[in-house]
Chemist: 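My questions will all concern the structure given below.
Lettering of chains follows the sequences in order, A, B, ..., and the numbering in each one begins at 1. Since we're looking at a predicted model, the values are computed, not measured.
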Amino acid sequence: AQSVAQPEDQVNVAEGNPLTVKCTYSVSGNPYLFWYVQYPNRGLQFLLKYITGDNLVKGSYGFEAEFNKSQTSFHLKKPSALVSDSALYFCAVRDRIYNNDMRFGAGTRLTVKP
Amino acid sequence: DGGITQSPKYLFRKEGQNVTLSCEQNLNHDAMYWYRQDPGQGLRLIYYSQIVNDFQKGDIAEGYSVSREKKESFPLTVTSAQKNPTAFYLCASSMGAWDRAATGELFFGEGSRLTVL
């Protein structure tokens, strides 16, 4: 069975500074990793995914994530944070591309202060 | 525009009443899902369906029921047997397992917030 951990409930950064939202995973086979963002009272929006290939994945809104197999991590990063990036971020994993069992982390609330 | 529509956005229910949440998608996706979101707990899978007239229980199916009579529709009924139904409910869809173009991500609706009075 697969699982995801987001070790930080809350991340605070100043606008213009780089941001990192951490995610570690556990999966028996090859991992398929995803990041989603959620704004208040809204659904989840897909940001980016790692399926195979280059360990650095680029996604929407300037976000990127680095897959590290040895550390079983998939941290979300952005070089320069915006106030509008403030939201709830979820990491998710599945062990097959069409496996119905997609597991989500508990979420990390990112606050970017002006 | 293609997407997933959930309704109603807000719903209030008295204890002992059943309520049905609607989920409609026009993405031509075969697979559909219902998740429950509680603060600090992430998303938990209630039910999923890979094809019309078929659905499977997720981790927290007790007190819920679904149907999948049409490809584009996957309604969720929260029954009176659900002991703590107050939550934010999210519907999602994805390409099916047999679709060679499948890339794995889920597409979510805007959610329905259910409050039991």
Side-chain angles (χ1 to χ4, degrees), chain A residues 1-10 21 23-25 27 29-53 57 59-60 63 65 67 74 87-109, chain B residues 3-10 23 25 27 29-51 54-59 61 87-115:
Chain A
Q2 54 267 33
S3 64
V4 173
Q6 294 182 242
E8 300 158 316
D9 294 334
Q10 175 89 32
V21 182
C23 171
T24 58
Y25 67 89
V27 66
N30 292 323
Y32 298 90
L33 296 154
F34 305 83
W35 275 103
Y36 291 85
V37 61
Q38 185 181 36
Y39 297 99
N41 292 311
R42 303 292 298 276
L44 274 67
Q45 297 178 30
F46 169 74
L47 278 179
L48 51 80
K49 65 178 180 283
Y50 172 82
I51 303 297
T52 187
V57 178
S60 306
F63 284 94
F67 171 64
F74 190 56
L88 188 58
Y89 290 81
F90 290 97
C91 183
V93 65
R94 65 199 321 177
D95 63 2
R96 286 180 293 166
I97 201 164
Y98 44 78
N99 187 338
N100 293 298
D101 192 11
M102 177 176 278
R103 294 287 167 170
F104 288 83
T108 298
R109 185 163 300 282
Chain B
I4 300 177
T5 301
Q6 290 187 239
S7 63
K9 190 169 179 64
Y10 299 96
C23 179
Q25 55 100 358
L27 299 169
H29 285 167
D30 286 297
M32 296 187 74
Y33 313 78
W34 274 105
Y35 287 89
R36 171 178 170 142
Q37 184 179 11
D38 296 284
Q41 294 193 41
L43 277 67
R44 293 181 290 169
L45 183 63
I46 304 173
Y47 269 98
Y48 65 92
S49 168
Q50 295 195 61
I51 198 168
D54 181 69
F55 49 82
Q56 305 296 327
K57 293 181 178 180
D59 296 327
F88 192 53
Y89 291 88
L90 288 160
C91 180
S93 71
S94 70
M95 295 180 180
W98 45 85
D99 190 329
R100 293 186 177 183
T103 52
E105 66 264 36
L106 303 184
F107 296 80
F108 284 85
E110 291 291 278
S112 293
R113 185 169 297 281
L114 172 63
T115 302

Chemist: Is it the case that A:Glu8 and A:Thr108 place a side-chain donor and acceptor less than 3.5 Å from each other?
Modeler: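 On atom types as modelled, these side chains do not qualify, holding no pair under 3.5 Å.
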Chemist: Carefully, step by step, assess A:Phe46 and A:Phe34 under the rule side-chain contact (heavy atoms from CB on, under 4.5 Å).
Modeler: CA-CA 8 Å; A:Phe46 169 74; A:Phe34 305 83; 4.0 Å; yes
Chemist: Report which part of B:Leu43 has an atom under 4.5 Å of a heavy atom belonging to chain A: side chain, backbone, both, or neither.
Modeler: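 Backbone plus side chain of B:Leu43, per the 4.5 Å heavy-atom cut-off to chain A.
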Chemist: Please enumerate all residues that pass side-chain contact (heavy atoms from CB on, under 4.5 Å) together with B:Cys91, with sequence neighbours excluded.
Modeler: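 If we apply the side-chain contact (heavy atoms from CB on, under 4.5 Å) test to B:Cys91, skipping adjacent residues, the hits are B:Ile4, B:Gln6, B:Cys23, B:Met32, B:Trp34.
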Chemist: Below 4.5 Å from any heavy atom of chain A, which atoms of B:Gln41 appear? Answer side chain, backbone, both or neither.
Modeler: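 For B:Gln41, the backbone is the part near chain A, not the side chain.
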Chemist: Less than 4.5 Å to any heavy atom of chain A: does that hold for the side chain of B:Asp59, its backbone, both, or neither?
Modeler: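 B:Asp59 touches chain A through side-chain heavy atoms alone.
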Chemist: Go through B:Lys9, B:Arg113, B:Gln37 and name the one with the most non-hydrogen pairs under 4.5 angstrom from chain A.
Modeler: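 Going by pairs under 4.5 Å, I would pick B:Gln37.
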Chemist: Answer yes if the ring centres of A:Phe63 and A:Tyr89 are under 6.0 angstrom apart, and no otherwise.
Modeler: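 Centroid distance A:Phe63-A:Tyr89: below 6.0 Å, so yes.
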Chemist: What closest approach, in Å, do B:Gln25 and B:His29 show between heavy atoms, and which atom pair accounts for it?
Modeler: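 Where B:Gln25 meets B:His29 most closely, the heavy atoms are NE2-O, 2.7 Å.
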Chemist: What residue, out of A:Arg103, A:Gln6, A:Gln45, has the most heavy-atom pairs lying under 4.5 Å from chain B?
Modeler: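 Option with the greatest count: A:Arg103.
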